[in-house]
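I have placed the structure first, in the form of structure tokens, so that the comments after it can refer back to it.
As the structure lists them, so they are numbered: ligands from 1, and atoms in each ligand from 1.
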Amino acid sequence: MAGVTVPPAEVLLSKRVQEMVIADDEPPAPYICRNDQDDDVEEESIENSPVPVVNIGCFLAENWSDKESAEELKKLKLALSTWGCFQGFIIWTNIVHVQAIGHGIPTSFLDEVRQIGREFFEQPMEEKKKYAKTVTEFQGYGADPVPEEGQSLDWSDRIFLDLVPEDQRNYKFWPQNPTSFKNTLEEYTEKLKKFTETISKSMARSLNLDENCFLKQFGERAQLQARFNYYSSCKRPDLVLGLKPHADGTGYTIVLQDEVGLQMLNQGKWYTVPNNPDSLIVLMGDQMEIMSNGIFRSVVHRVVSDSKRVRISVTTFYTPEAGKEIGPEEGLTGVEAPRLYKKIKDYADIHWGYYQRGMRALHTAQLITS
Ligand SMILES: O=C(O)CCC(=O)C(=O)O
Ligand SMILES: [Fe+2]
């Protein structure tokens with residue numbers, strides 16, 4: 001974007017990506033962030049490399065002593081530690097099994113969540129703009145607040161909604177159409193509350209810690225926020241990104257997708273996460289890296305555009321309670337494993353400031369060791 005005169009944010013963000021696609025526009029300069037030649041990292045299809053699959057059905061049943069659960073806990077730790085170093089920290093959860101024991105989220109319900117997202121974005125612009133946010137707000141329909149100069153814009157449209165704590169919801173931003181939007185999202189939220197409780201306990205158990213330790217750090221008023229993303233096709237996918245490379249400032253993030261497009265960076269290579277309609281993808285954010293004293297690593301990821309394909313994803317951010325201090329679990333630090341991070345609060349806000357400048361923020365929580 002160097003040398004390009006950037007229009008004011010209100011003008012820049014008033015035209016949504018979907019509108020540009022309908023008008024058959026070339027991506028304008030503020031969206032251009034790469035070209036064919038300068039990509040210095042290799043891209044690989046995930047099919048070439050195994051992706052950790054963890055069956056959280058076992059954890060939902062809470063039969064911790066059972067052999068199958070013990071095996072899955074080992075896999076979980078491997079996925080988040082050893083695998084993280086090698087492959088990126090992703091748990092590929094197979095929830096088919098969960099259906100069988102009646103605790104989980106059936107694929108048909110995941111389809112409903114994908115569907116309300118798709119139906120919302122496929123409505124005329126005037127309907128969507130009823131839920132429009134201003135350029136500085138988070139909640140509502142539109143794009144992220146405009147980034148700092150020199151940072152490109154993402155080739156995608158979003159609607160961002162606070163879910164939990166419930167008193168933080170602002171229903172004026174919740175679409176009335178499709179009519180099932182509110183009920184479906186409320187039901188999804190309830191299921192995710194259970195899901196995050198299970199995942200947080202399982203992660204603690206996989207490290208031989210008290211199963212409630214991470215939940216305590218997240219706090220009674222831990223936050224869940226949803227972002228429905230609509231990644232339009234682009235006639236020049238080589239020039240833009242649906243979402244720029246970043247690591248999340250969350251504790252962890254749960255992604256529901258309907259198409260490929262999400263990529264993880266590992267050892268200088270981008271790996272495409274395959275599409276599996278039955279699955280949720282759980283990505284470690286910076287705050288789990290801090291709480292686990294670096295054993296679980298937060299993964300850099302991005303979303304690529306496609307010349308034909310539209311992609312919907314529903315990202316749910318699970319973040320510790322506002323104002324609550326978090327830090328490495330005591331049981332994970334000692335002579336052999338020095339404490340790597342300091343105690344910190346409201347890390348997501350610090351992260352956001354850096355994100356807008358295209359930078360990571362994890363170093364701000366690091367302890368300087370001599
Ligand atoms: O759309 C996706 O798959 C990922 C979205 C994401 O990384 C985010 O919202 O932070
Ligand atoms: Fe992300």
At less than 4.0 angstrom from any non-hydrogen atom of [X], what atoms of ligand 1 do you find?
{"X": "Y231", "result": "1 (O), 2 (C), 5 (C)"}
{"X": "N229", "result": "1 (O)"}
{"X": "H301", "result": "7 (O)"}
{"X": "H246", "result": "6 (C), 7 (O), 8 (C), 10 (O)"}
{"X": "T315", "result": "5 (C), 8 (C), 9 (O)"}
{"X": "R227", "result": "8 (C), 9 (O), 10 (O)"}
{"X": "L243", "result": "5 (C), 6 (C), 7 (O), 8 (C)"}
{"X": "D248", "result": "10 (O)"}

Query - Polar proximity ligand 1 side, Q257 side, N/O cut 3.5 Å exclusive - result: no
Report task. Kindly indicate whether a cation-pi arrangement holds for R302 with W270, taking the cut-offs as under 6.0 Å to the six-membered ring centre and within 45° of the axis. Result -> yes
**Report entry** CD/Q356: more than 12 non-hydrogen atoms of other groups inside 6.0 Å
**Finding:** yes
Run the ring-centre check on [X] versus [Y] and record whether the distance is less than 6.0 Å.
{"X": "Y230", "Y": "F121", "answer": "yes"}
{"X": "H363", "Y": "Y354", "answer": "yes"}
{"X": "F228", "Y": "F181", "answer": "yes"}

Query - CZ-CZ distance between R227 and R158, expressed to the nearest 0.5 angstrom - result: 4.0 Å
Requested in this report: Could you grab the distance from atom CG of N170 to atom CG of D162, nearest 0.5 Å is fine?
Outcome: 8.5 Å
Requested in this report: Over 60° means perpendicular and under 30° means parallel, so classify the ring planes of W352 and Y355, tilted if in between.
Outcome: parallel
Requested in this report: Report the name of the N/O/S atom of D248 located nearest to the Fe ion (ligand 2).
Outcome: OD1
Report summary line: Here the N/O/S atom of H246 closest to the Fe ion (ligand 2) would be NE2
Query raised in the report: Should T253 be listed as contacting ligand 1, given a heavy-atom distance under 4.0 Å as the test?
Result: no
Query raised in the report: Is the closest heavy atom of R302 to ligand 1 under 4.0 Å?
Result: no
Requested in this report: Going by the side-chain contact (heavy atoms from CB on, under 4.5 Å) test, name the single residue among L224, T253, T250 that passes it with Y318.
Outcome: L224
Query raised in the report: Which bit of I281 is near ligand 1, meaning a heavy atom under 4.0 Å away: side chain, backbone, both or neither?
Result: neither
Query raised in the report: So which bit of L283 gets within less than 4.0 Å of ligand 1, heavy atoms only: side chain, backbone, both or neither?
Result: neither
Query raised in the report: Which residue owns the protein heavy atom closest to atom 3 (O) of ligand 1, what's the atom, and how far is it?
Result: R311 NH2, 2.8 Å
Query raised in the report: Any ion pair linking R221 and D167 (charged N to carboxylate O, less than 4.0 Å)?
Result: yes
